[in-house]
Each structure stands twice: as structure tokens, then as C-alpha cells.
Amino acid sequence: MRPPHAALLLLFILAYFRGAYSSVSQSRFTSIISFGDSFADTGNLVMWADPVLPGPQPLKNLPYGETFFGRPTGRATDGRPVLDFIAEALGLPFVPPYLDKGGNFSAGVNFAVVGAPALTLTYLQGQNLTVNPPINSSLHDQLLWFQKLKPSLCKGQGTDCFRSSLFVMGEFGANDYRSFLVSNRTVEQATAYVPQIVDTISQGLEVLIRHGAKYIVVPDIFPLGCVPTVLTKLASPNKVDYYRNGCLKSANRLGRYHNSLLRQRIKLLRHKYPHAKIIAAEYYRPVLAFLDMPGHFGLNSNTTLLTCCGAGGPPYNYDFNSECGWLGVMACADPSQALQWDGFHLTESAYRAVADGWLHGPYADPPIMHVARP
Ligand SMILES: *[C@@H]1O[C@H](CO)[C@@H](O)[C@H](O)[C@H]1NC(C)=O
Ligand SMILES: *[C@@H]1O[C@H](CO)[C@@H](O)[C@H](O)[C@H]1NC(C)=O
Ligand SMILES: *[C@@H]1O[C@H](CO)[C@@H](O)[C@H](O)[C@H]1NC(C)=O
Ligand SMILES: *[C@@H]1O[C@H](CO)[C@@H](O)[C@H](O)[C@H]1NC(C)=O
Ligand SMILES: *[C@@H]1O[C@H](CO)[C@@H](O)[C@H](O)[C@H]1NC(C)=O
């Protein structure tokens with residue numbers, strides 16, 4: 001089993017570096033401007049947490065960050081999320097968090113915050129939903145930060161200030177749906193909010209375009225029914241509630257509905273703003289591919305639904321009272337072979353494979369590297 005896996009992985013890594021190498025000198029992009037949640041945060045929440053947020057801050061503890069960085073950085077994974085691999089491939093520095101007041105934003109800025117929903121805190125709490133963390137970090141709030149920073153980003157840049165900026169909008173939505181589930185609402189109740197959530201994302205895209213964004217990556221959401229937190233929360237005794245790969249049908253249906261509406265909106269926006277290049281990127285299909293062919297991606301087929309950094313043992317190794325980053329909760333021996341990192345987020349090795357699909361295809365339309373060529 002091992003040699004073919006290693007060989008595939010090597011080929012994959014070689015392909016990745018070839019892509020990165022050949023592109024660096026000929027990319028049109030000189031900066032990345034990112035919005036989103038824990039799938040993109042590179043340190044905003046942990047900076048915010050000083051001293052406003054109550055309670056423990058698991059993200060500030062190992063084993064978060066143990067791979068690659070060797071220390072916790074505020075990223076919600078063991079190593080690098082997709083955004084870091086995009087930055088590397090474009091020859092740009094890792095995108096610095098907006099809340100790093102000493103940050104150098106000349107090659108980009110990241111507004112993404114762990115836990116950020118598309119809808120605002122005030123709105124979600126008004127629906128009697130539990131929002132965790134309860135802070136103003138939504139898409140709307142991130143756009144306000146962007147507008148505040150814009151004059152300094154555009155200083156001395158002329159009128160077409162974002163002509164060589166790659167915007168990444170998302171993903172957004174996963175935390176809105178998570179707040180329904182932690183508030184003990186049903187998937188059906190959450191489904192009623194999908195059009196409103198997708199509208200909010202679409203309106204956010206229009207704000208960016210009106211501010212001069214020309215190149216925007218818009219990721220969809222991952223299959224919610226395939227992650228250990230959701231599988232644990234919505235566990236069912238009925239086999240018919242699950243697909244053969246072990247994912248929950250109802251939660252995946254919610255994800256597919258969100259993604260199909262988002263795709264429709266992207267089509268409309270491409271029509272309305274033909275000068276903008278909107279790249280539709282995917283988390284959904286690659287996660288299913290990892291579950292279908294784990295060996296192909298160097299992942300261990302026995303652990304695809306097991307939380308690497310968690311507790312409680314099979315089937316999901318997830319316990320709401322013993323989460324990653326808490327005292328005594330350990331990571332699995334080899335995160336590079338695991339898919340699920342902490343119950344909601346994926347491992348660096350999964351993110352690397354997703355990023356490769358966004359950069360070179362097939363998981364982005366069009367692939368980022370095709371657009372990056374000047
Ligand atoms: C900020 O970063 C840019 C490019 O990444 C670099 O050229 C510049 O020298 C940096 N500025 C400071 C003040 O460090
Ligand atoms: C929220 O809860 C309050 C108090 O129980 C109730 O009056 C209100 O109608 C609820 N709002 C929604 C949107 O469910
Ligand atoms: C969030 O923003 C709203 C509206 O601006 C404000 O009323 C509320 O106090 C803020 N909440 C927190 C936790 O900062
Ligand atoms: C949801 O249900 C669980 C189990 O019944 C309960 O422990 C928890 O307090 C509930 N949470 C909310 C927000 O109602
Ligand atoms: C998966 O588990 C089975 C049974 O324990 C074992 O024989 C097999 O080697 C494992 N596969 C991998 C890829 O570790």
C-alpha cells in the first residue's frame with residue numbers, strides 16, 4: 001500500500017511546485033485581499049481575543065499549528081489553510097491578519113475571522129440563535145473594515161487600485177448553519193435561511209466590485225454532513241439517513257442547496273459585471289473525492305471520518321466537552337494522513353489538495369493560475 005501512496009504524493013508535490021515555480025515570475029497578482037471565516041483566518045480571532053473574548057482560546061494552543069509552523073498561529077488547522085497555498089503559488093507572502101496593527105498590508109490583507117457568519121450577529125441573535133463567538137465579525141463587518149482600510153491600501157495607486165489584486169470572498173455560510181445546529185434547530189429550519197445567506201454573499205460581492213475588485217474567488221461550502229461535529233450532533237440510528245461514505249444526507253442536501261444558489265448568483269453577477277472575473281471555487285466536491293479515494297490523496301482510508309485532534313474514539317473521535325486545543329486533547333500520530341483536523345476543519349494535507357484544485361483545476365472555474373497569467 002505505502003509505496004504507491006508515496007509515489008502519488010510525490011508526483012502531486014512535484015506538480016504543485018512546478019506550478020508554483022513557473023507562475024511566480026508571470027503572475028498578474030501583487031496582492032491578495034481575503035474575507036471569510038476559520039477556513040481562511042490567519043490570526044484575526046486570536047488577536048481579537050486579547051482581551052475581549054471570555055473563556056479559553058483553544059486556537060492559541062498546540063497542537064494547532066504543529067505542522068509547518070511548529071506553533072499556534074491562529075489558523076484553525078494543523079498547518080496551512082488553502083489561502084496560504086494560494087499565496088505561495090502566486091509568490092506572495094502569507095496574507096497578514098487585519099488586526100495585526102503592525103502588519104504590512106502592501107501585498108495583501110486578511111479580514112477573515114474564525115466563526116464569522118454571513119449574516120450579522122444582531123440579526124442571528126434576533127432569531128434566538130446562539131452565535132459562537134458572539135462578536136461582530138460577519139461579512140458585513142469585514143466589508144466595513146475593508147472600506148476603512150481602502151484609502152491606505154490605495155495610497156499612490158491611481159484610480160484602478162485593485163487591478164492586480166486577487167480577492168477571495170469566503171467561504172461564508174458554514175457558520176450560519178452551524179449556529180442553527182448548536183441552537184438545536186433542525187436542518188429544515190436552517191434550509192429556510194439559505195436564500196438570505198446567499199443573497200448576503202452576493203451583495204458583498206457587488207460591494208467589492210463597486211470598490212474596484214476585478215478578480216474574485218468565491219468558494220462554496222464543504223459537505224456539512226461529512227464533518228465530525230455535525231455527524232456527532234445529528235447522529236441518527238437510521239442507516240437510511242447516511243450515504244455509503246458515512247455522510248449525513250440531510251446536512252449535505254443543505255450544503256448542495258446553498259452551493260447551487262451561490263452558483264446561480266455567480267452567473268448573474270458575471271452577466272451584470274462582465275469586466276469582473278469571478279472564479280467559482282469548490283470545497284464540496286474535493287471533500288467528497290477525499291472520502292471516495294483517500295489513498296489517491298495520501299490519506300488513510302480508515303480515518304476519514306475520525307477527528308485527528310479530538311477525543312472519544314470511533315466513530316468520529318469527537319466530544320463537545322474535549323475539543324482540540326484543550327488540555328490533554330492530543331492529535332493523531334500522523335496528521336498528514338488524516339482528513340479531519342478538529343471536528344469542523346480539515347488538515348493541512350487536505351487543504352493542500354483543495355488548493356491544488358483551485359490553482360490548476362478541476363476545483364475552480366476558471367482555475368486561478370489561468371487567470372493569473374498576465
Ligand atoms: C512591505 O512588504 C513589501 C512587499 O511584500 C515590501 O516591499 C516592503 O518593503 C514592506 N514594507 C515594510 C515597511 O516592511
Ligand atoms: C425569540 O424568543 C423570544 C422569547 O422567547 C420570542 O418572543 C421571539 O418571538 C423569538 N423570536 C424568533 C424570531 O423566534
Ligand atoms: C455588534 O454591533 C451591533 C450593531 O452595531 C451593536 O449594537 C452590538 O452591541 C455589537 N455587539 C458586540 C458584541 O460587539
Ligand atoms: C440543545 O440540546 C442539548 C441536548 O438536549 C442541550 O444539552 C443543550 O443545552 C441545548 N442547547 C440549546 C442552545 O438549547
Ligand atoms: C485499515 O484497517 C485495516 C483493519 O484494521 C487494516 O488491515 C488496514 O491496513 C488499514 N489500512 C490503512 C491504510 O491503514
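Along the sequence shown, the residues carry numbers beginning at 1. In listed order, ligands and their atoms are each counted from 1.
C332 has its SG atom 2.5 Å or further from the SG atom of C309.
For atom 14 (O) of ligand 4, the nearest protein heavy atom is under 4.0 Å away. Less than 4.0 angstrom separates atom 3 (C) of ligand 4 from at least one non-hydrogen atom of the protein. Distance screen at 4.0 Å: atom 7 (O) of ligand 4 has no protein heavy-atom neighbour inside the cut-off.
For atom 9 (O) of ligand 4, the nearest non-hydrogen atom of the protein is N184 ND2, 4.8 Å.
Panel note: side chain Q340, backbone V227; no donor-acceptor pair is recorded below 3.5 Å. Checked by atom type and distance alone, the side chain of T42 never pairs as donor or acceptor with a backbone atom of P96 at under 3.5 Å.
Considering backbone and side-chain atoms alike, T130 places every N or O at 3.5 Å or more from each N or O of ligand 4. Of the polar atoms of S301, none of the N or O atoms is found under 3.5 Å from an N or O of ligand 5, judged by distance alone.
Screening L129, V131, N132, L124 against S183 for a side chain to side chain contact (heavy atoms under 4.5 Å, CB included) leaves a single residue, L129. Applying side chain to side chain contact (heavy atoms under 4.5 Å, CB included) to L166 and the options I33, V371, T30, I86 leaves one that passes, I86.
Within the set T30, N104, L92, the minimum heavy-atom distance to atom 11 (N) of ligand 1 is found for N104.
With values rounded to the nearest 0.5 angstrom, L299 atom CG is found 8.0 Å from F297 atom CZ.
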